[in-house]
Protein chains: 2
Amino acid sequence: MKKEKNITTESTILNAAKNIFQRKGMDGARMQEIADEAGINKALLHYYYRSKQLLFEAVFKNAFLLLAPQLNKILNSEDSLNIKIKDFTKNYISFIIKHPYLPNFIINELNRSPEFVQKLISEKHFPNIQKFKDQITENVENGKILPIKPEHLFINIMALNIFPFIASPLLKGFLKVNDENYKQLMEERATEVSNFIINAIKS
Amino acid sequence: MKKEKNITTESTILNAAKNIFQRKGMDGARMQEIADEAGINKALLHYYYRSKQLLFEAVFKNAFLLLAPQLNKILNSEDSLNIKIKDFTKNYISFIIKHPYLPNFIINELNRSPEFVQKLISEKHFPNIQKFKDQITENVENGKILPIKPEHLFINIMALNIFPFIASPLLKGFLKVNDENYKQLMEERATEVSNFIINAIKS
DNA sequence: ACATTTGTTAACCATTTAGTTAAACTAATT
DNA sequence: AATTAGTTTAACTAAATGGTTAACAAATGT
């Protein structure tokens, strides 16, 4: 048995599927296109992953599990709130620049089938934000930051970091900037966003 | 000719198409499903709109032109920056609560075909943010707000307002809240977000 | 009244698509 | 060399899908 070749083909397929699914979504992707991208026969996709749905789920979980530890690591660290916000912003933006299709893919497919979130929550790597929430509450009680519900601050951090990547075609249109200039704006945001947030909650 | 009936059928179709396209996207939508939703024969869709692509574009432009004036009205008003931020946040969030699928639909389809933005820009109702940018520059120069590039402030305002609606399934999962509680959070944000922004730029 | 234009439908068509099958191939095992 | 388990392919199938056609119905102009 060629165990090694087995793994290579399987991961070649997964990688090709990732490229196609993340660019075109579940509905827009074609099994034939994924096979072409992987340089193999369409029947092999089914041999390894049975159906489009299962292949899609493999890609989706893979993508999500790439993103989740990024969140977890920072949210559950022992650092101060300010450091966390700075670290998160810096790491997240440089992470997404490497995986530009990822946030839109995840958000979009979760909108298509919101019940899928339930499956994800039960995975052991699903981000837990309890510690982060406690930390915010504590900072508010000590008067270190202005009163704000932890939920809102969390949403704001996510929004400021993720949205510009999801909405890039729209924002490029509004701002009348080209790809090059937009990319530069995104790089500026690695520090810009954390300053903005820290200012907003500074008491 | 039954001009009235004509218009009714045409708009019935457009409305049905809106419902289906905004929930399922271009690729996920089926012409038969749209016909069923409109309560008419599938051939009628083609009679009025020729092809799926043209029907989709009609829906898309319609959706966009519903949203654009909201932006324009506020961005080009004579109010102070603070008032603008407050107005925009309040109006926008209540607008989106009425049209929950709209932002995700627009952003998603623009990601699917980013070149479509060019077509939109040439439409006369496309939002122009020049005046808003000038206003920010002026406020920075007068020392009324902290130094910030107009582009970043604009992106931040959009992000904080729009993102929570686009990413709601994901955020509900992270925050472990149900639909009811999430809706309440969104209502709080009508004031929460503008306070946050104003604090962030206050000098 | 009746001819013409406009609106609507059922049946149909060509193509695309996910999935299947059976046979060929490969490489390790006996 | 024969067997066997696993891998890969070409050809096929059934269902779905966007779009068309031809016939029928309703409104309108003359």
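Naming convention: chains lettered A, B, ... in sequence-line order (proteins, then strands); numbering from 1 in each chain. Bear in mind the structure is a predicted one, so any value in this text is a computation, not a measurement.
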Discussion item. Measuring to OP1 and OP2 of D:dT8, would you say a side-chain N or O of A:N41 lies under 4.0 angstrom away?
Written reply: no

Practice prompt. Using only side-chain N and O atoms of A:T9, determine if any of them is under 4.0 Å from OP1 or OP2 of D:dT8.
Written response: yes

Item to complete: Enter the distance from A:Q135:CD to A:L75:CG here, rounded to the nearest 0.5 Å.
Response: 9.5 Å

Response to the item:
d(A:F196 CZ, B:N199 CG) to nearest 0.5 Å is 9.5 Å

Whole angstrom is fine here: how far is it from [atom1] in [X] over to [atom2] in [N]?
X	N	atom1	atom2	answer
A:Y47	D:dG6	OH	P	7 Å
A:D27	C:dT16	CG	P	19 Å
B:E10	C:dT6	CD	P	14 Å
A:K24	C:dA18	NZ	P	12 Å
B:K42	D:dT21	NZ	C1'	12 Å
A:L44	D:dT8	CG	C1'	5 Å
B:H46	C:dC13	NE2	C1'	13 Å
B:L54	D:dG18	CG	P	14 Å

Worksheet item: Would you say A:K52's side chain and A:M26's backbone share a donor-acceptor pair under 3.5 angstrom?
Response: yes

For residues 53-69 of chain B, which side-chain donor-acceptor pairs fall under 3.5 Å, sequence neighbours excluded?
{"residue": "B:Q53", "atom": "NE2", "partner": "B:E57", "partner atom": "OE2", "Å": "2.7"}

Item to complete: Start with the C-alpha distance between A:E192 and B:K149, add both sets of side-chain angles, then the distance that settles salt bridge (charged side-chain N to carboxylate O under 4.0 Å, His left out), and finish with yes or no.
Response: CA-CA 9 Å; A:E192 178 65 42; B:K149 268 197 188 179; over 6 Å; no

Discussion item. Judged by each residue's nearest nucleotide on DNA chain C, which is more toward the 5′ side, A:R50 or B:G39?
Written reply: B:G39

Practice prompt. Please work out whether the ring planes of B:F174 and A:F154 are parallel, tilted or perpendicular, with thresholds of 30° and 60°.
Written response: perpendicular

Practice prompt. Could you give me the CA-CA distance, side-chain angles and deciding distance for B:Y101 and B:F105, then say whether ring pair (Phe, Tyr, Trp, His ring centres under 6.0 Å) is met?
Written response: CA-CA 6 Å; B:Y101 291 108; B:F105 172 67; 9.7 Å; no

Worksheet item: Any donor-acceptor pair under 3.5 Å between the side chain of B:K52 and the base of D:dG19?
Response: no

Worksheet item: Where the side chain of B:A43 is concerned, which of D:dG19, D:dT9, C:dA10 is the nearest nucleotide?
Response: C:dA10

Discussion item. Expected output is a numbered-order residue list: members of residues 28-36 of chain A with a heavy atom under 4.0 Å from any atom of DNA chain D. What is it?
Written reply: none

